[in-house]
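Numbered from 1 within each chain, the chains take letters A, B, ... in sequence-line order.
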Amino acid sequence: MRILLPDGRVLEFDHPPTGAEVAARISRSLAREAVVVEVDGELWDLARPIPDGARVRIIRRQDPEALAVLRHDAAHVMAEAVQALYPGTQVTIGPAIEDGFYYDFARDEPFTPEDLARIEAKMAEIAAEDKPFVREEVSREEARRRFAALGETYKLEILDSIPEDEPVTIYRQGDWFDLCRGPHGPSTGKIGAFKLLKVAGAYWRGDPRRPMLQRIYGTAFPDRRQLDAYLKRLEEAERRDHRRLGREMELFHFQEEAAGSAFWHPKGWILWREIEAYLRRRLEEAGYVEVRTPQLIDRRLWERSGHWDKFREHMFTLEDEDRALAIKPMNCPGHVQIFNTRLRSYRELPLRLAEFGSCHRKEPSGALHGLMRVRAFTQDDAHIFCTPEQISEETGRFCSLLMRVYRDFGFEEVRINFADRPAVRAGTDAVWDQAEAALWQAVRASGLAVQLNPGEGAFYGPKLEFVLKDAIGRDWQCGTLQVDFVLPERLDASYIGPDGEKHRPVMLHRAILGSFERFIGILIEHYAGRLPLWLAPVQAVVATVTNAADSYAREVTSALKRAGLRAESDLGSDKISYKVRQHVMRKVPVILVVGKREMQERTVMLRRLGVNQQEALALDAAVARLAAEARAPDA
RNA sequence: GCCGGCGUAGCUCAACGGUAGAGCAUCCGCCUUGUAAGCGGGGGGUUGGGGGUUCGAAUCCCUCCGCCGGCACCA
């Protein structure tokens with residue numbers, strides 16, 4: 001019996017060894033830290049005998065592959081705890097997920113936060129018993145008998161869905177067992193530091209027509225320190241919540257009477273307009289022309305475009321005399337109308353029509369979430385009308401425009417998902433081949449990381465999704481580029497080619513921010529409210545130490561304003577420490593303190609957000625420096 | 001839309017069947033101050049809307065709306 005190790009060594013055994021035996025042969029510490037074993041690229045339990053000639057790697061607790069196993073172990077321990085405490089509760093599924101694990105239970109009574117504490121305590125008991133996880137390969141009949149005896153109807157359903165050629169396995173810990181593919185770690189004592197986080201509803205098999213189960217979310221880490229770090233990250237995310245910061249910084253608000261639509265306050269609207277003005281300049285540079293299309297459009301146009309058929313439940317509609325109208329949920333058909341107003345020449349292509357398009361969609365009430373998911377939003381939308389041959393070039397141009405914009409907003413790390421042809425689609429394979437190839441070519445040239453999202457393209461064409469990573473590592477899909485050869489057809493868009501014949505243009509739907517609302521939400525969270533100077537609604541506050549400096553403070557403020565800065569004076573009779581505190585809390589990037597001394601010397605004390613020292617500067621120098629720093633990145 | 005939780009002053013929260021209270025903010029005074037909370041005083045709530053139970057409801061029940069956490073959805 002020969003076992004091949006990653007470093008090329010070969011271990012000899014006189015019987016098929018288990019992963020545990022292999023680990024023990026290598027070193028005592030490895031045996032202690034081993035969680036599972038990778039056998040020819042597949043993760044196995046340590047107790048399973050390994051076949052001759054297998055390539056084997058021991059996975060230790062701290063290895064990334066171990067994390068999902070530990071969490072899956074924790075899910076089983078939680079399920080046992082729940083069934084011990086709440087008899088009659090049925091188990092369903094309980095996988096490891098990105099940041100932890102969950103288990104879905106079928107039980108009539110809802111779980112409460114107090115229940116979570118009880119379950120956690122019970123889990124600790126089960127962990128203390130350190131029961132080994134035992135894998136049992138059983139026949140279907142055996143498995144059916146055992147779960148039927150327990151009344152586990154969901155498990156029976158899962159059992160029925162396991163393909164005939166796959167073995168059925170049960171994992172046992174003491175008397176408790178679960179239908180499970182595995183693998184698992186050595187025992188319940190090795191699940192590490194865990195915590196239950198929340199309870200939520202989830203449909204059985206993700207299907208809204210099936211029963212709603214109760215999902216308990218938890219997380220687990222190899223040690224306490226990592227768990228604490230994770231919990232700290234959660235707190236950090238909460239601290240950055242744009243809904244809270246939006247109120248504290250007086251950017252926007254929501255209220256019942258307009259659920260899903262933001263009220264933009266003066267400061268928030270400055271931020272919006274600053275972003276819009278920047279983007280408008282970038283679009284102009286990139287050869288776009290801006291348009292504006294109607295909010296209310298006759299239903300018949302939506303019928304022709306195909307949207308009425310597919311998305312009418314998501315559209316707001318109204319009647320006007322005997323006409324049925326819809327509030328636009330998107331801008332594309334409107335842009336095609338502009339394209340169609342006259343005969344177009346191939347010389348006009350690519351024609352890039354951009355619109356800061358205000359759209360409304362009837363989002364399900366449960367989907368609404370601050371600025372991140374709203375019913376009224378403004379897209380930074382554009383449609384590029386071009387020939388099939390131009391797709392690649394235009395995609396390349398778009399990628400570099402988008403990267404430029406993301407970088408300017410402080411996002412460096414961007415990933416692309418490439419969504420190719422879905423099973424149900426319009427258009428011939430030849431057209432899809434051409435469109436996908438063009439996109440691939442452009443994406444490769446862009447140098448961005450690309451991940452294939454197979455079969456997830458739109459029915460009308462392949463698409464790219466641009467995902468950016470924020471300051472605390474969260475992914476946000478913002479930009480998109482979609483190739484569309486269906487809408488030009490449906491709305492009969494055409495141009496005259498060099499051959500004098502009519503041709504069908506391709507439409508590229510594209511957005512960089514996605515929506516202003518959502519992007520602003522992301523920006524706020526990315527910067528934790530500390531917006532870069534060029535975006536800050538109030539860029540500087542001039543605060544006096546005593547009233548004696550009031551007139552000088554006014555002079556400083558107006559000098560800043562003349563230099564194009566958004567500046568305010570704070571002349572109140574509060575102590576300077578109180579004023580500093582106020583403006584720090586409001587996330588003003590620069591505070592200029594002036595007192596008698598500064599007035600006499602015509603200087604300012606400049607203090608920056610997040611920096612506790614200050615710097616004495618001559619007034620003119622301070623103004624010049626801040627004006628330079630406050631310029632937009634493209635200026 | 002579905003499951004669960006929540007909704008009290010601008011904000012954060014208390015009162016949990018017996019006439020609604022605190023801190024911060026706001027307003028008015030005093031203070032003129034040197035880098036994250038100076039002092040005093042005043043005003044502010046038909047407890048999300050509607051209905052019910054009760055001698056009595058912020059508190060219990062029903063219903064609608066909204067928000068929060070998920071699920072489903074996201075052209």
For nucleotides B:A22 and B:U8, find the distance between their C1' atoms and express it as a whole number of Å.
13 Å
Using atom P of each nucleotide, how far apart are B:U63 and B:C55 to the nearest Å?
24 Å
What's the CG-P distance between A:L213 and B:A72, to the nearest Å?
12 Å
Give the ring-plane orientation class for A:H76 versus A:Y103, where under 30° counts as parallel, over 60° as perpendicular and anything between as tilted.
perpendicular
Nearest-angstrom distance from the residue atom CG of A:D207 to C1' of B:A72
9 Å
Quick one: A:M599 CE to B:G34 P, roughly how many Å, whole number?
15 Å
Ignoring hydrogens and angles, does a donor from either the side chain of A:Y203 or the base of B:G70 sit under 3.5 Å from an acceptor on the other?
no
Distance check needed: B:G70 P versus A:L197 CG, whole Å only.
10 Å
Take atom NZ of A:K575 and atom P of B:A36, then tell me their distance rounded to the nearest Å.
10 Å
State whether A:R608 places a side-chain N or O below 4.0 Å from either non-bridging phosphate oxygen (OP1 or OP2) of B:U35.
no
N/O donor-acceptor pair, side chain A:R243 with base B:C68, under 3.5 angstrom:
no
Using the P atom on both, measure B:G42 against B:C24 and round to a whole Å.
14 Å
Spacing between A:M315 atom CE and B:C74 atom P, to the nearest angstrom
16 Å
Using the six-membered ring of A:Y203, assess whether NZ or CZ of A:R210 lies under 6.0 Å from its centre and within 45 degrees of the ring axis.
no
To the nearest Å, how far apart are A:Y217 OH and B:G70 P?
7 Å
Is a salt bridge present between A:K328 and A:E355, judged by a nitrogen-to-oxygen distance below 4.0 Å?
yes
With sugar-phosphate meaning primed atoms plus P, OP1 and OP2, does A:K596 contact a base, only sugar-phosphate, or nothing at under 4.0 Å between heavy atoms?
base
Side-chain donor/acceptor contact of A:R361 with base of B:C74 under 3.5 Å:
no
What is the distance, to the nearest angstrom, from the CD atom on A:E598 to the C1' atom on B:U33?
14 Å
For atom C1', what is the distance between B:A9 and B:A25, given to the nearest Å?
11 Å
Could you check whether the side chain of A:E250 and the base of B:G10 have a donor-acceptor pair of N or O atoms closer than 3.5 Å, going by distance alone?
no
